[in-house]
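When a ligand or atom number is given, it counts from 1 through the structure's own listing order.
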Amino acid sequence: MGGRGRAASGDGEAGVVEGQQGAAGHRGRLAGVARAGVQQADRQRRVAEPGMDGLAEAAAKLDGVSKVRVADNAAYAHLLAEPTAALLAELAGDYSHVLAAASTTGKNVLPRVAALKDVAQISEIIAVESPDTFKRPIYAGNAIATVQSEDALKVITVRSTGFDAVAEGGSAAIEAVDFVADNAQSTFLKEELAQSDRPELGAAKVVISGGRGMGNGENFKLLDGIADKLGAAIGASRAAVDAGFVPNDMQVGQTGKIVAPDLYIAVGISGAIQHLAGMKDSKVIVAINKDEEAPIFQVADYGLVADLFEAVPELEQQL
Ligand SMILES: Cc1cc2nc3c(=O)[nH]c(=O)nc-3n(C[C@H](O)[C@H](O)[C@H](O)COP(=O)(O)OP(=O)(O)OC[C@H]3O[C@@H](n4cnc5c(N)ncnc54)[C@H](O)[C@@H]3O)c2cc1C
């Protein structure tokens, strides 16, 4: 391909990837790199903290990446948005595209980069048509907009579930970046991370989600058995989160996480468009709902009209 692809990474939470030659002919590639970068980051972070050698090496092995630039400086610890955006804006001059996965971090940092560079931000693309033209869902995924940008620099967040991860096989150079952003605006105080042995929602191959039909937080434990057997992540509808059944980092949907696992099991979820927006790209959708009119059955590949309190234990037993 001959293009220059580079990944600049912070403390391991996000991969930010750019391709000098633009995205033509790379449908999925840049975004795939971005996604792989994040997945690798998750894996590497545990072994590589506080340095980033493991992460940089993992990124360097990705197909299509020819240089990895590493800014290993305390200024970027915890990927605070202001210094990270300043760093990317500083580096952006070398590139035609700056991409990040549309994760919490990507959505926090990239609009600031766009503002600093005085260009438009293009959000949550799901396809690359040409170097300046992209597709992105609007109206909770009910319509797909084709967006063309005339800006010299394209700043883009990528819905990584829309792309395949790239394979390994590269051996990119790793280069240190000296730029240290001056950050007087924000200070890291603390973070509270939910501890879980389950796979991360966004990366899980199987997701089982509960809705308001679960009745209460205690009943969510009903989903544990199936999740254990299938190695699944557990998600939830917003109604379940708003009712306090489960924490909001489990929310799937328009205002939660976007997932596209091989298998999505919706339990006691009606299938409001805002929920569908977060999971309808799943390969196989299974719905358990006692209301046969529930809209979730319109997107489900397999539907079970049943009381979840009977069906879920039965399903677990069958597994
Ligand atoms: C701007 C905006 C953003 C939103 N973002 C999101 C989002 O990101 N994610 C999201 O999920 N929602 C989102 N919503 C909310 C969304 O509109 C719905 O209100 C929500 O998804 C409903 O959740 P639910 O399906 O769990 O609850 P309900 O709609 O109340 O459905 C519960 C379902 O459980 C079934 N049920 C009840 N008891 C049983 C039983 N014993 N056995 C089997 N089935 C049973 C019922 O038949 C029903 O279908 C958003 C809304 C707005 C306005």
Side-chain angles (χ1 to χ4, degrees), residues 101-108 123-124 126 136-145 157 159-162 194 198 200-204 206-227 232-261 263-282 285-319:
S103 61
T104 317
T105 304
K107 290 194 273 192
N108 196 13
S123 298
E124 304 215 15
I126 55 168
R136 58 179 300 265
I138 55 173
Y139 302 123
N142 285 316
I144 305 296
T157 59
R159 194 172 280 188
S160 51
T161 51
R198 299 200 185 284
E200 201 267 317
L201 247 186
V206 181
V207 173
I208 180 164
S209 290
R212 202 195 314 257
M214 298 302 297
N216 57 47
E218 188 63 21
N219 289 341
F220 258 75
K221 290 192 181 139
L222 271 178
L223 306 182
D224 285 348
I226 295 178
I234 299 185
S237 71
R238 177 158 160 182
V241 169
D242 286 353
F245 298 173
V246 288
N248 66 1
D249 61 355
M250 288 171 66
Q251 184 178 319
V252 171
Q254 185 187 343
T255 44
K257 296 202 170 125
I258 309 285
V259 301
L263 173 63
Y264 187 87
I265 308 175
V267 182
I269 292 179
S270 60
I273 52 165
Q274 296 89 354
H275 187 79
L276 300 186
M279 46 62 74
K280 68 177 162 32
D281 291 332
S282 306
I285 298 172
V286 173
I288 301 174
N289 196 304
K290 67 179 182 185
D291 174 9
E292 63 180 335
E293 303 286 328
I296 191 77
F297 288 126
Q298 286 165 21
V299 297
D301 299 284
Y302 301 94
L304 186 58
V305 180
D307 188 316
L308 71 90
F309 295 105
E310 290 166 17
V312 170
E314 269 174 39
L315 179 61
E316 187 189 333
Q317 251 182 3
Q318 296 290 324
L319 291 169

(request) List, ordered by chain and residue number, the protein residues whose closest non-hydrogen atom lies under 4.0 Å from any atom of ligand 1. (result)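 Gly211, Arg212, Gly213, Ser237, Arg238, Ala239, Gln251, Val252, Gly253, Gln254, Thr255, Gly256, Gly268, Ile269, Ser270, Ala272, Gln274, His275, Asn289, Lys290, Asp291, Ala306, Asp307, Leu308, Phe309.
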
(request) Kindly check if the number of other-residue, nucleotide or ligand heavy atoms within 6.0 Å of CZ (Phe309) is above 12? (result)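 Enclosed: over 12 neighbouring heavy atoms sit under 6.0 Å from CZ of Phe309.
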
Once rounded to the nearest 0.5 Å, what's the spacing between atom [atom1] of [X] and atom [atom2] of [Y]?
X: Ser103; Y: Lys257; atom1: OG; atom2: NZ; result: 10.0 Å
X: Ile258; Y: Ser282; atom1: CD1; atom2: OG; result: 10.5 Å
X: Met279; Y: Gln254; atom1: CE; atom2: CD; result: 14.0 Å
X: Ile226; Y: Gln317; atom1: CD1; atom2: CD; result: 11.0 Å

(request) Mark yes or no for whether Thr157, through its side chain, and Glu124, through its backbone, hold a donor-acceptor pair below 3.5 Å. (result)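 Answer holds: yes.
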
